[in-house]
Amino acid sequence: MHLRDRVLHRDLGQHAGQRVLIAGWLQDARDQGKIAFLLVRDRTGVTQVVAKKQELGDERYKAVTGPNRESVVALRGTVQASKAKAGGYELVLDPPGEFDVLSAAEAPLPLGVVDKVAADLETRLDNRFMDVRKPEVQAIFRLRSVLVKAGLDYFTQHGFTQIHTPRIIGASSEGGTELYPVKYFEKDAFLAQSPQLYKQAMMATGLDRVVEVATYFRAEKHNTYRHLNEITAFDAEMAFIDSEEDVMTLLEGAVHHMWKTVAEQCPAELALRNVQLTVPGLPFPRIPHAHAVERVNATGKVSVKPDDDLSTEAERVLGELMAAEGHIFYFITKYPGGIRPFYTYVDADGTSRSFDLEHKGLEVTSGAQRQHDVDKLEARLREKGLDPKDFESYLKAFRFGMPPHGGFGLGIDRLTMEVLGLDNVREAVLFPRDRTRISP
RNA sequence: GCCCCGAUAGUGUAGUGGCCUAACAUAGAGCCCUGUCGAGGCUCUGCCUCGGGUUCAAAUCCCGAUCGGGGCGCCA
């Protein structure tokens, strides 16, 4: 039998009475002198292995109970019903006691996997390979995988083509955030802050609907539970829309599908995180920015000016108001044109066809219908203090037939944090890049 | 960019001028234990971020450095 054919913990019941091979991390070895209990963990659970000195002999018994915790071991034993756990199975390591250490772990561990003392997030991230051995941490990334696939499935089922745009960009930028400069041979270049300008260019091609699972780089020195300097998002753009409402309908459908899929496919992961997931009803409420400002100001807790964006505090207050009405997801729409990026479509009354999707007071999406009239677009650039010359390769795509279009960026890290109720976005990212962390 | 805070065994904490040659838990080493399952019992190992200063006396107070945490702004 090969290692790849090893029996996983969850399948032990199908092999009752048989001699099988199992392998995994030696979580613990409880030596009681003449009988020992080895706990061997694989990705599906922890198997108890019973080893008896009388049957194995002193030498084998010592070899079996000797390895350090978290060593990788493989062993053969006979599956039997556990004498202690109802409905559970364990392995009896019977003679000759086949037991191999595939990789010995050093001691002490830099981070305990099942220790009774909790470690700081900082220590956990420094030793992420150990941290992810914990089932409750593994659950985050299994669920994230399901969430992303559900999103991508939804988009492709709705006619979206998955694309990949450059992460290295030239000097021109959409503004709004600091960029990381990189050396590009004899030229200056930057890491992309978003695929915005590229996915819009695709609207001039006839692909009509594109989506990218994109990584963004933002050189902002923020230090909060919800910000990272390297983030991952769904970036979608769709052509031939009548208004931003078409984009919002698509987006809320995608989010609903992601929540529903996670609820259906991840009961074990949700249970490990103690999360009771509620799938939000459709449609999500739409709250025009002006109304949102009125509502939060009416509480007396904050003061937001009509033309300003909601502060973090105001966002939280609105989240509480909406939660009280039973809405965890909601759109804030019709932002004042002045506080949105240059490519946003602004109507004659000064409001923009833009929106944010919020979950319990946290922004998870920003989107809009885009300005597809190149003259108005150039005027918008100048209003924002940007030089149209710097955007020539972008603007060119608008001069030869550009349909009305719109799109959004949907943050995957934040979505994962929110679906699980994590208190820090770093929990939802394997190797987060924040203000100070570039290793591991 | 602005503001606040922290640093004590591998890990998580207590100690905030002398009672500290620093404590507790957990981990690690050794011994005992034939059904443990947060296994248990006994013994042992291991810590004040760095550099200045104040003081009779500094883990403790002050200054600086380094590393880190958090809030705002900005955004996903």
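Here is the naming used below: chain letters follow the sequence lines, and residue numbers restart at 1 for every chain. All figures in this text were calculated on a predicted structure; none of them were measured in a lab.
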Taken to the nearest whole Å, CZ/A:R435 to P/B:G69 is 10 Å

Report the relative orientation of the aromatic rings in A:H359 and A:F329; use parallel for angles under 30°, tilted for 30 to 60°, perpendicular for over 60°.
tilted

Where RNA chain B forms runs of at least three Watson-Crick or G-U pairs (i with j, i+1 with j-1, under 3.5 Å), the stems are B:1-7 with B:66-72, B:10-13 with B:23-26, B:27-32 with B:40-45, B:49-53 with B:61-65

Side-chain atoms of A:T123 come closest, of B:G71, B:C75, B:G12, to B:G12

message = Using a 4.0 Å heavy-atom cut-off, does A:R426 contact any base of the nucleic acid, only the sugar-phosphate backbone, or nothing at all?
response = sugar-phosphate

* Asked: Under 4.0 angstrom, heavy atoms only, what part of the nucleic acid is A:D28 near: base, sugar-phosphate, or nothing?
  -> sugar-phosphate

Checking only heavy atoms, does the side chain of A:H222 share a donor-acceptor pair with the base of B:C75 at less than 3.5 Å? no

Distance between the C1' atoms of B:G38 and B:U26, in whole angstroms?
11 Å

Rounded to whole Å, the CD-C1' distance (A:E313 to B:G73) equals 14 Å

- Query: So what does A:S194 touch, heavy atoms closer than 4.0 Å: a base, only the sugar-phosphate, or nothing?
  - Reply: nothing

Whole-Å distance, A:I339 CD1 to B:C75 P, equals 8 Å

| said: Can you tell me if A:S311 touches the phosphate of B:C72, counting only side-chain N or O atoms and a distance under 4.0 Å to OP1 or OP2? | reply: no

Describe the nucleic acid contact of A:E230 in one word from base, sugar-phosphate, nothing, applying a heavy-atom distance below 4.0 Å. nothing

Worksheet item: Base, sugar-phosphate alone, or nothing: which one does A:D308 contact when heavy atoms must sit under 4.0 Å apart?
Response: nothing

Side-chain atoms of residues 330-337 of chain A: list all donor-acceptor pairs with protein atoms under 3.5 Å, sequence neighbours left out, distances to 0.1 Å.
residue	atom	partner	partner atom	Å
A:Y330	OH	A:G319	N	3.4
A:Y330	OH	A:G361	N	3.2
A:K334	NZ	A:E244	OE2	3.0
A:Y335	OH	A:D356	OD2	3.1

Review point. Between A:F408 and A:F155, how do the two ring planes meet: parallel, tilted or perpendicular, split at 30° and 60°?
Key: tilted

- Fit a plane to each ring of A:H257 and A:Y154, take the angle between them on a 0 to 90° scale, and name the class: parallel (under 30°), tilted (30 to 60°) or perpendicular (over 60°). tilted

Letter by letter from the 5' end, nucleotides 26-36 of chain B scores (B base, S sugar-phosphate only, - none; protein heavy atoms under 4.0 Å) SSSS---BBBB

Side chains of A:S354 and A:R340 only: does a donor on one sit below 3.5 Å from an acceptor on the other?
yes

A:L121 CG to B:U11 C1', in whole Å, measures 15 Å

A:A233 near the nucleic acid: base, sugar-phosphate alone, or nothing, with a heavy-atom cut-off under 4.0 Å?
-> nothing

query: What integer number of Å spans the C1' atoms of B:G6 and B:U49?
result: 12 Å

So what does A:K53 touch, heavy atoms closer than 4.0 Å: a base, only the sugar-phosphate, or nothing? nothing

Closest of B:G69, B:C74, B:C75 to the A:R414 side chain is B:C75

